[in-house]
Colleague: 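Take a look at the following structure, please.
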Amino acid sequence: MQRSDALYLFNEGRNLRSYQLFGAQPVAGGTVFRVWAPNASQVSVVGDFNAWQGGVHRMHSLGPSGVWEVVVAEAIAGSLYRFEITNRKTGAVLVKTDPYARGFEMRPGSAAYVVSTSQHVWQDAKWLRERASWNWAGSPVNIYEVHPGSWMRHPDGRPYLWRELTEHLIPYAVAQGYTHLELLPITEHPLDESWGYQATGYFAPTSRYGSPDDLRAFIDACHCAGLGVLLDWVPAHFPQDDWALARFDGTALYEHEDPRLGLHADWGTHIFNFGRHEVRSFLLSSAHWWLSEFHFDGLRVDAVASMLYLDYSRKAGEWLPNKYGGRENLAAVDFLRELNTMVHAEFPGALTIAEESTTWPQVSRPIDAGGLGFSMKWNMGWMNDSLRYFRRDPVHRRWHQDELTFGQTYAYSENFVLPLSHDEAVHGKGSLLGKMAGDAWQRFANLRLLLAWQAFTPGKKLMFMGGEFGQQREWSEGRELDWSSLADAAHAGVQRLSGDLNRLYRELTALHTQDFENLGFEWIDCNDREHSVLSWLRWGRDGSLVVIALNFTPAPQTGYRLGVPHAGRYLEVLNTDSAYYGGSNLGNCGGVEAVTGEWMNRPANLRITLPPLAAVLLQPA
């Protein structure tokens, strides 16, 4: 693309590859630098190649585009640099990092560096080809949410690098039966404690874990092992660091001038000005960059609710309505639709998943039908209701069964992911195991029951690392997971169950082919409050079925009668009370016989033993 065309599209908000124009681009004879600073009177590149002296390499203006450019022969791969910007109105001199930088020095340094052309040779052509025709809605999607810096560490506390995660994380996730990894934001960020959610490098993988090509090699290895990789991407807000995007050329360039539009009081961050064309080009190009240059299989878009509402977490008088007097952020809605249109058109089979916590309609419905166009949406209601229920002492659960059954009233209004996410393992909330009611035995039994509740409920799945083996302590970004706890049989049992549930979800078509359709789910009995038992059928698109029953009390139920579609042998495929998982080993001796005889409006029935605080899955022989 000609430079003039690229600049025109950038100013129009339609340049999806503006990373090819901006930043530090190695060329024959040096490096060409370009930066958008429309309110500057002078811009220079400063770096280790000119002793950080402003004026040595002055950039020249490319006219009304607001873009500045210079070729620096002395700048080579690895050279550190920043931009020195003089504001046209005030004369203030600002030293800023490059918004389009492809690499940054290790924290606490904040300079960008010139990144050479990638040398990685991709091996995942077959994966990408098959992804393009992948029926994700009817396939198992089971996501392992990972913070790379704290999944596993060296004895001296150093985090694993990408190449070490390739050696350890990939085989672990494959062995546990996950279909995808989701990486908490690995875009460059200065503060470990932000977990990446306050990014300063929208085109740069963090230097914490290795080079950009190391990340490419990690993702390539995931694909070759049959694992997809999703990126947690944060277009909702950015930090106020004075060396980064904030008031980039001395004015509110990427953000709004008015704090009623541009400031996130909860997080102390700036909100992107989604209505500004150049900001849309910047963000759309960031999404395109990760999907094209690193072969990510999709984006989990953070904090979508905060983007959609002008009054998000604001009191009266602290926000400005849209042009119609409403609370909807119309520019953000348009941006999200443009994002989803771009991803689905340019990267067939790639997923976009919204973290959206309100009742905004049709988040995961097509744009031409009035939706936002996301592939899927996190079901925050399911997560909150489920965890609230599991915190309750079983003696009180009979009065709160609707906390579990209510979800079916809206379960098919969106394409839902059922998350047990990092949000529920931080800020004093404790671990999943720590949330469970009862004594030590009951807490482990409840956790096993929760994992089955997630696995057998319609919707795709997400588990934050550590939950799959019942980590006791609340997660911290400053240390590795408590892998030593696996020496305890109870934790090891939870891990075995988690892996078996993941594999069962993948293998049984009844558990995944109709995750988003009400034809795939049928209550057997949702009204047995006296015993706190729920039972239902899951149907596959191929006509296959499974029978599921969950006992939410520590009192076993013997001879518990269920109506089923036909008589015959039903195999006990999984029982979370198995001693193999740490349970009491009460069950159905491998299966039961269903007999002809109407029960619960079905032509046959069977009697089973329901173990304490346990789930049982049966399948016709």
Colleague: Checking R496 against Y580: charged group under 6.0 Å from the ring centre and within 45 degrees of the axis?
Modeller: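 Pair R496/Y580 counts as cation-pi.
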Colleague: Report yes or no: does N551 contribute a side-chain atom to a donor-acceptor pair with the main-chain N or O of A614 at less than 3.5 Å?
Modeller: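 Such a contact is absent between N551 side chain and A614 backbone.
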Colleague: Is the distance between the ring centroids of Y160 and W162 less than 6.0 Å?
Modeller: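 They do not qualify: ring centres at least 6.0 Å apart.
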Colleague: Pick out which of L227, D297, L165, L230 makes a side chain to side chain contact (heavy atoms under 4.5 Å, CB included) with L181.
Modeller: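 Single pass found, and it is L227.
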Colleague: Hey, are E130 and K126 close enough for a salt bridge, meaning a charged N less than 4.0 Å from a carboxylate O?
Modeller: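 Between K126 and E130 there is a salt bridge, with a charged N closer than 4.0 Å to a carboxylate O.
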Colleague: Could you check whether R300 makes a cation-pi contact with W378, meaning its NZ or CZ is under 6.0 Å from the centre of the six-membered ring and within 45° of the ring axis?
Modeller: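 Yes, R300 lies over the aromatic ring of W378.
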Colleague: Any donor-acceptor pair under 3.5 Å linking the side-chain atoms of Y581 with those of D500?
Modeller: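 Side chains of D500 and Y581: pair found under 3.5 Å.
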Colleague: Apply ring-ring contact (aromatic ring centres under 6.0 Å, His included) to the pair F552 and Y389, showing each step before the final yes or no.
Modeller: CA-CA 10 Å; F552 293 96; Y389 182 87; 5.3 Å; yes
Colleague: State, to 0.1 Å, how close R607 and V592 come at their nearest heavy-atom pair, and which atoms those are.
Modeller: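 Of all heavy-atom pairs spanning R607 and V592, the closest is O-CG1, 3.6 Å.
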Colleague: Please report the closest heavy-atom contact between F469 and S485, naming both atoms and the distance.
Modeller: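 The pair with the smallest heavy-atom distance is CE1-OG, 3.5 Å.
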Colleague: So, for W134 and H180, is the gap between ring centers shorter than 6.0 Å?
Modeller: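 Yes, the ring centres sit under 6.0 Å apart.
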Colleague: Using only heavy-atom distances, determine whether the side chains of Y178 and E468 contain a donor-acceptor pair under 3.5 Å.
Modeller: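 Looking only at side-chain atoms, E468 and Y178 do not form any donor-acceptor pair under 3.5 Å.
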Colleague: Hey, would you say the Y412 and F521 ring centroids sit under 6.0 Å apart?
Modeller: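 No - the distance between ring centres of Y412 and F521 does not fall below the 6.0 Å cut-off.
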Colleague: Does H295 form a side-chain contact (heavy atoms from CB on, under 4.5 Å) with L128? I'd like the steps, not just the answer.
Modeller: CA-CA 8 Å; H295 292 201; L128 295 179; 3.5 Å; yes
Colleague: Taking 4.0 angstrom as the limit, do E522 and R602 come out as a salt bridge?
Modeller: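 A salt bridge is present here (some side-chain N lies under 4.0 Å from a carboxylate O).
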Colleague: Minimum heavy-atom separation for G467 and V494, please, with both atom names.
Modeller: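 The pair with the smallest heavy-atom distance is O-CG1, 4.4 Å.
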Colleague: Suppose we call two aromatic rings close when their centres sit under 6.0 Å apart. Are Y172 and W151 close by that rule?
Modeller: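 Close enough - the centres of the two rings lie under 6.0 Å apart.
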Colleague: List the steps and the verdict of side chain to side chain donor-acceptor pair (under 3.5 Å) for Y560 and D528.
Modeller: CA-CA 11 Å; Y560 194 89; D528 188 0; 2.4 Å; yes
Colleague: If the threshold is 4.0 Å, N to carboxylate O, is there a salt bridge linking R541 and D515?
Modeller: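 No, this pair does not count.
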Colleague: Given W195, which partner from the list H189, H147, H427 fulfils the ring pair (Phe, Tyr, Trp, His ring centres under 6.0 Å) test?
Modeller: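 So, applying the ring pair (Phe, Tyr, Trp, His ring centres under 6.0 Å) to W195 and each of H189, H147, H427, only H427 qualifies.
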Colleague: Check for a donor-acceptor pair, side chain of T206 on one end and backbone N or O of I186 on the other, with a separation under 3.5 Å.
Modeller: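 No: the side chain of T206 does not pair with the backbone of I186.
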Colleague: Mind checking whether Y309 and W360 have ring centres under 6.0 Å apart?
Modeller: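 For Y309 and W360, the ring centres are under 6.0 Å apart.
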Colleague: Within 45° of the axis and under 6.0 Å from the centre of the six-membered ring of Y505, does NZ or CZ of K460 qualify?
Modeller: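 Cation-pi check for K460 and Y505: fails.
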Colleague: Hey, is the main chain of G138 close enough, under 3.5 Å, to the side chain of T513 for a donor-acceptor pair?
Modeller: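 It does not hold such a pair.
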Colleague: Could you please spell out the steps behind the side-chain contact (heavy atoms from CB on, under 4.5 Å) verdict for L537 and I524?
Modeller: CA-CA 7 Å; L537 303 173; I524 297 175; 3.7 Å; yes
Colleague: Sub-3.5 Å donor-acceptor pair from the side chain of R397 to the main-chain atoms of F390, do we have one?
Modeller: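 The answer is yes, because a donor-acceptor pair under 3.5 Å joins these two groups.
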Colleague: Does either side chain, that of E477 or that of S150, offer a donor lying less than 3.5 Å from an acceptor on the other one?
Modeller: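 Judged by distance alone, the side chains do not pair up.
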Colleague: With the threshold set at 4.0 Å, does a side-chain nitrogen-carboxylate oxygen contact exist between E403 and R392?
Modeller: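 Salt bridge flag = yes for R392 with E403.
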Colleague: Can you confirm if the aromatic rings of F416 and W382 lie within a centre distance of less than 6.0 Å?
Modeller: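 Ring centres of F416 and W382 not closer than 6.0 Å.
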Colleague: Where do A492 and L486 come nearest, in terms of heavy atoms and distance?
Modeller: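 Nearest heavy atoms, A492 then L486: CB-O, 3.6 Å.
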Colleague: Which heavy-atom pair separates W441 from S584 by the least distance, and what is that distance?
Modeller: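 Heavy-atom minimum between the residues: CZ2-N, 4.0 Å.
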